[in-house]
Amino acid sequence: MSLPDGNLIVPVIPDADRLNLSGLAVRIDELAAKARAGKLSPDEMSGGTFTITNFGSFKNLFATPIINQPEAAILGTGYIEKKPAVVETPEGDAIAIRSKMFLSLSYDHRIIDGALGGAFLRRIADLLENWNE
């Protein structure tokens, strides 16, 4: 997360896979408040395995996030903007305005096979593209 002085810090959420989306949001909010206040403990910044970075918050479409060893991977999310896109309809293809975002995934090839990394990124994209609230 970005601190008021412009520096970045990466809080860690242990056992994030056990939290639902609401639980993650609450924990992120708690850690963000502690980070902005300068009150994160060393334990709250170590032991991560996977990072998500939102370079889109700076209106950047693309970036190349680099993993922070010993983490295995980092998912980057770009700025969401409206773009023309080809959509399939019962009447045939059409051009429509859609919200688009670029994702990037950097990973340690010693841990993650490229095919698995690509499949994971595709799965994230599929989940986002088919999101139903």
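Here the structure is a predicted model, which means the values were calculated and not measured. In this chain, residues are counted from 1 in sequence order.
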**Request:** Identify, with sequence neighbours excluded, every residue that meets side chain to side chain donor-acceptor pair (under 3.5 Å) alongside Asp29.
**Result:** none

**Request:** With sequence neighbours excluded, give me every side-chain hydrogen bond (donor to acceptor under 3.5 Å, both in side chains) pair touching residues 72-87.
**Result:** Asn54-Thr77, Glu81-Lys83

**Asked** Which residue pairs pass the salt bridge (Lys or Arg N to Asp or Glu O under 4.0 Å) test with at least one member in residues 50-77, sequence neighbours excluded?
**Response** none

Give the table of side-chain donor-acceptor pairs shorter than 3.5 Å for residues 62-69, with sequence neighbours excluded, one pair per line with atom names and distance.
none

**Pairs where residues 11-51 contributes a residue and the test ring-ring contact (aromatic ring centres under 6.0 Å, His included) is met, not counting sequence neighbours** = Phe50-Phe120

**Asked** Who passes salt bridge (charged side-chain N to carboxylate O under 4.0 Å, His left out) against Arg122, sequence neighbours left out?
**Response** Asp126, Glu129

Listed pairs under 3.5 Å, donor-acceptor, residues 15-26 side chains, sequence neighbours left out:
from  : atom 1 : to    : atom 2 : distance (Å)
Asn20 : OD1    : Ser22 : N      : 3.1
Asn20 : OD1    : Gly23 : N      : 2.6

**Request:** Report the residues that fulfil side chain to side chain donor-acceptor pair (under 3.5 Å) with Thr53, sequence neighbours left out, ordered by chain and then residue number.
**Result:** none

**Prompt:** Of all residues at least two apart in sequence or in a different chain, which pass the salt bridge (charged side-chain N to carboxylate O under 4.0 Å, His left out) check with Arg27?
**Reply:** Glu30, Glu44

**Under 4.5 Å side-chain linkage, directly or through intermediates, the cluster mates of Leu127** = none

**Request:** Evaluate side-chain contact (heavy atoms from CB on, under 4.5 Å) for Ile124 paired with Leu105, printing each intermediate quantity in order.
**Result:** CA-CA 10 Å; Ile124 296 296; Leu105 181 68; over 6 Å; no

**Prompt:** Do any pairs count as a salt bridge (Lys or Arg N to Asp or Glu O under 4.0 Å) and have a residue in residues 99-121, sequence neighbours left out, and if so which ones?
**Reply:** Asp108-Arg110

